[in-house]
S.K.: 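I have a structure I would like to understand better, so I am pasting it below and will then ask my questions one at a time.
Values below: every heavy atom of this structure, side chains too, minus hydrogens, waters and symmetry copies. Order of listing sets the numbers, starting from 1, for every ligand and every atom in it.
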Amino acid sequence: MSENTGHARRRAGAVAATVLAAGLLAGGFAASAHGQEEPPAGTAQEETLRDLADQRGVFMGTALASHRLGEAQYAETASAEFNSVTHENDLKWEAVQPQRGQYSWAGADRVVDFAEANGQDVHGHTLVWHSQLPSWVSGGGFTADELLAVMDDHISTTMGRYAGRIDTWDVVNEPIGDDARFRDSVFHRTLGEDFVAESLRMARAADPAAELYINDYSIDGVNAKSDAYYDLVVDLLDQGVPLDGIGFQSHLIVGQVPASMRQNIERFTDLGLKVRITELDIRMNVPASQADLERQADDYREVVTTCLEVDGCTGVTVWGVTDAYSWVPDHFDGQGAALPIDESYQPKPAYWAVHEALGGTPGPQPTDPPTEEPTDPAGDCEAEYRVTNQWPNGFQAEVTVTAGRDLDGWTVTWDFGGGERVGHAWNASVSSSGSAVTAVNAVHNARVAAGRSTSFGLTGTHEGTVSAPQPVCTGT
Ligand code: 9MR
């Protein structure tokens, strides 16, 4: 890719981050008219998931459908939020070689071109899979030698076309079934278990520089199926078969992130393999309850944090840009809402959980109903400053503004005592002059009724001390 092109597209794509941030500023996760507006001038722009992943040197990916790339919001969100893409369907055998020897690259190329124009990596999905396999292969009646030739042609042609442009591949997808035994397929029936090793050898020959993976679902925790994979990959490595990693698809159900996920990732990375989370989504019954959305956020946080904490777990791809186009509702009756961005391209609690796990802000917290009688401060308003998190060079704080009378706007000022500097802020416009900081309400939280509260947040840097400033609040 060209650096310049990538950079230019990157800025254009940041529109989506603005939409997401503005959705947040509009006061919630639901779609709202404000969702299309620019945030108030001076409001700090939230970093996107992509920004944060880039800073950490990990991938944060999504699955793309070529036929959606003409939709501006889809394309802008995909480029702003993700630094890696996987073809959701366009690179599968039935799409690429529907008839023997007749290759069809339009959809696959479109996704690769999009990724290159946006400076994104592409993960190749997938080469040898029992599903979405054209009937000329599955019902072809090939001998072992013939089938090997058919596989070699498909692998070498497909990987060869994208050599240098697609650097990682799911060479074999889902070879083991839910019963932890090799799945019945034309490949297994004709070639036995060796079809996996053969596919990997062909892939290495097709593009020696590419990283080669086996990919499957329901192998996220330690269980009979992941044990079977463990045995398989130990065997492959013992035989010297080229294999670089294993993909955990991670199609999960809310509240069911396996407790042994970390241990499971580590046993594969201990073998010298990489682990990728390749297709993460976390489904629930719909319409989604707030409690499930919060639980889902915890689950997303756990998966992303677990991956980031293990050396050799290289990143996370979520299986789609928006709930509007997720595969889940079509395959699981009454379920959906599985992705971090909702059907209206608004960030869900899961989005902010991933944001936070990647080192960003946690986004807006749900407003708890008041549990006590509202306080009634003297004067216009009072502000309470609370440090909510801190780390070696940084900190996060929340400031609560409580109105003493009905306010049409408010300003909070304070002085940092310890050399702190504000980095990002949300739900207020924050500016600094030396150690003096001024925070002015955002549009959506300007009005505060007497006795009620609103809050804003910020992250910043420090030089060793995180002080507890005394903020002063003035109402307008
Ligand atoms: O998301 C894909 C969906 O659009 C297709 O209809 C489906 C058909 O098999 O495949 C989905 O993607 C699958 C992926 O390629 C492999 N792992 C499971 C994914 C979800 O089914």
S.K.: For ligand 1, run through the N/O pairs with the protein that fall under 3.5 Å and put one pair on each line.
M.R.:
| residue | atom | partner | partner atom | Å |
| --- | --- | --- | --- | --- |
| ligand 1 | 1 (O) | Glu88 | OE2 | 2.4 |
| ligand 1 | 1 (O) | Trp319 | NE1 | 2.9 |
| ligand 1 | 4 (O) | Glu88 | OE2 | 3.3 |
| ligand 1 | 4 (O) | Asn89 | ND2 | 2.9 |
| ligand 1 | 9 (O) | Gln132 | OE1 | 3.2 |
| ligand 1 | 10 (O) | Lys92 | NZ | 3.2 |
| ligand 1 | 12 (O) | Lys92 | NZ | 3.4 |
| ligand 1 | 12 (O) | Trp319 | NE1 | 3.3 |
| ligand 1 | 15 (O) | Lys92 | NZ | 2.6 |
| ligand 1 | 15 (O) | His125 | NE2 | 2.7 |
| ligand 1 | 17 (N) | Glu174 | OE2 | 3.2 |
| ligand 1 | 17 (N) | Gln249 | OE1 | 3.0 |
| ligand 1 | 17 (N) | Gln249 | NE2 | 3.4 |
| ligand 1 | 17 (N) | Glu279 | OE1 | 2.7 |
| ligand 1 | 17 (N) | Glu279 | OE2 | 3.4 |

S.K.: Under 3.5 Å, is there a donor-acceptor pair linking the side chains of Tyr213 and Asp244?
M.R.: no

S.K.: For the residue pair His251 and Tyr217, is the inter-centroid distance of their aromatic rings smaller than 6.0 Å?
M.R.: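 No, they do not, as the ring centres are separated by 6.0 Å or more.
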
S.K.: Are more than 12 heavy atoms from other residues, nucleotides or ligands located less than 6.0 Å from atom CG of Asp179?
M.R.: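 Above 12, so yes.
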
S.K.: Check step by step if ring-ring contact (aromatic ring centres under 6.0 Å, His included) holds for Phe332 and Trp327.
M.R.: CA-CA 9 Å; Phe332 299 96; Trp327 72 293; 5.4 Å; yes

S.K.: Show your working on side chain to side chain donor-acceptor pair (under 3.5 Å) between Trp129 and Glu174 and close with a plain yes or no.
M.R.: CA-CA 7 Å; Trp129 187 26; Glu174 302 171 5; 2.8 Å; yes

S.K.: Say whether, by atom type as modelled, one donor and one acceptor occur between the side chain of Ser260 and the main chain of Val222 under 3.5 angstrom.
M.R.: yes

